[in-house]
Amino acid sequence: MDSSQHLWNAELYQQKHAFVFHYGADVLQVLDPQLGERILDLGCGTGELTAQIAARGADVLGVDASASMVEKARQSFPHLRFQQADARELGTEQPFDAVFSNATLHWIAEKEQPSVLMNVFAALKPGGRFVAEMGGQGNVQRILTAFSNALAAVGIGEPGSPNYFPSVGEYAGLLEMAGFSIAYMQYFDRDTPLADPETGISDWLAMFRGDALNALSVKDRHRVLSAVNDQLRSTNFHDGHWFADYKRLRFVAIKPSTVRYA
Ligand code: BEZ
């Protein structure tokens, strides 16, 4: 997580959205941290994946733009290093062998992506790797469409999205423009079960679209949430669980060992 525009509720995140870091364990396999490697966890949230990287013997620094996430991470893992820092303004300490990022890059606006990718590039040693997963094109489209429709029904216009969900082509282009070589990129569907079998979709909206929901009167909020639940029941509820229609973009991008000249 790394969004300075958002005030994150770290408790709600840890209690009801643990799937974010549970699924992050898959991308951690791709990172494959090695003993003694210096690794930056960009958008570390409450620190669970940072701790898993450290458990593999790497020297890891977790950074997140949210003060409440960093505070929670420090409480949960007092032996690890965490700093509050925005991906748009990463300082450069000693370069890293790898930068890792799970479910963070989609919180950075499209126009800010080039400078963030330049910062990541600068933070890596030559030959270093950037291993990340983010929401890809069409991510949570059914939830967001149902939410827009329900808002429209109470007279509220399109809420606008704080997220950027690129296609493979778009993001590969941005990575290459920043100087990376792409070793691997995959786009895939991952319907993701939400924690609470009754309030799963409402919890998801409260966590990730809280600004738009909190701007509503209590009555409209109730109408909007019931309408979203009704609209999504046939597509996003099965086997006793609510699911978020996630689409992921996962990649490994390498900082070349030698500088290339155009
Ligand atoms: C995601 O992890 O894909 C995501 C989470 C919250 C809002 C939007 C996307």
Side-chain angles (χ1 to χ4, degrees), residues 1-28 30-31 41-50 64-66 68-69 72 87 100-110 112-113 116 131-148 150-151 158-168 170-171 185-196 199-215 224-225 228 232 235-236 241-251:
M1 293 277 163
D2 192 330
S3 167
S4 52
Q5 282 94 26
H6 260 75
L7 273 184
W8 291 106
N9 180 337
E11 291 290 338
L12 182 63
Y13 175 75
Q14 208 177 35
Q15 284 165 13
K16 294 230 169 164
H17 302 87
F19 58 82
V20 176
F21 47 83
H22 288 157
Y23 279 103
D26 291 350
V27 66
L28 209 63
V30 179
L31 173 68
D41 181 3
L42 183 62
C44 62
T46 46
E48 280 75 10
L49 294 175
T50 321
D64 203 285
S66 155
S68 69
M69 291 287 186
K72 188 86 194 152
F100 172 75
S101 181
N102 179 52
T104 291
L105 295 169
H106 52 241
W107 292 103
I108 293 162
E110 181 173 1
E112 292 176 312
Q113 293 280 342
V116 167
V131 178
E133 187 173 302
M134 66 192 293
Q137 191 173 49
N139 193 37
V140 286
Q141 193 58 55
R142 289 200 300 261
I143 297 181
L144 297 182
T145 302
F147 189 45
S148 298
L151 287 172
E158 189 57 49
S161 170
N163 297 122
Y164 169 55
F165 300 132
S167 68
V168 167
E170 273 167 57
Y171 216 70
M185 189 174 260
Q186 188 189 8
Y187 171 73
F188 56 98
D189 285 358
R190 190 178 62 213
D191 269 7
T192 299
L194 301 174
D196 194 302
T199 59
I201 289 288
S202 303
D203 292 338
W204 191 94
L205 288 169
M207 180 83 206
F208 299 119
R209 288 297 183 272
D211 292 351
L213 271 183
N214 292 336
V224 164
L225 288 176
V228 172
L232 291 176
T235 52
N236 290 49
H241 276 283
W242 284 106
F243 286 78
D245 46 321
Y246 279 6
K247 294 188 186 297
R248 309 322 272 172
L249 194 58
R250 185 184 285 180
F251 60 84

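Whatever order the structure lists them in is the order used to number ligands and atoms, beginning at 1. Since the structure is predicted, the reported quantities are computational estimates derived from the model, not experimental observations.
Note that CG of L42 and CG of L105 are 6.5 Å apart. Values are rounded to the nearest 0.5 Å. Taken to the nearest 0.5 Å, the CG atom of L31 stands 13.0 Å off from the CG atom of D26.
Within the 4.0 Å heavy-atom criterion, neither part of M207 lies near ligand 1. Contacts between M134 and ligand 1, counted as non-hydrogen atom pairs separated by less than 4.0 Å, are absent for every part of the residue.
Scanning F165, W204, Y164 for the heavy atom closest to atom 7 (C) of ligand 1 points to W204. Between the choices L144, N163, I143, the shortest heavy-atom distance to atom 8 (C) of ligand 1 belongs to N163.
Side-chain contact, N139 with R190: no donor N or O sits under 3.5 Å from an acceptor N or O.
A cation-pi arrangement is found for R248 relative to Y246, the charged atom lying closer than 6.0 Å to the ring centre and inside a 45° cone about the ring normal.
Across F208, F165, Y164, a single residue satisfies ring pair (Phe, Tyr, Trp, His ring centres under 6.0 Å) together with H106, and that is F165.
For the pair W107 and ligand 1, the shortest N or O to N or O distance does not fall below 3.5 Å. Considering backbone and side-chain atoms alike, R209 places every N or O at 3.5 Å or more from each N or O of ligand 1.
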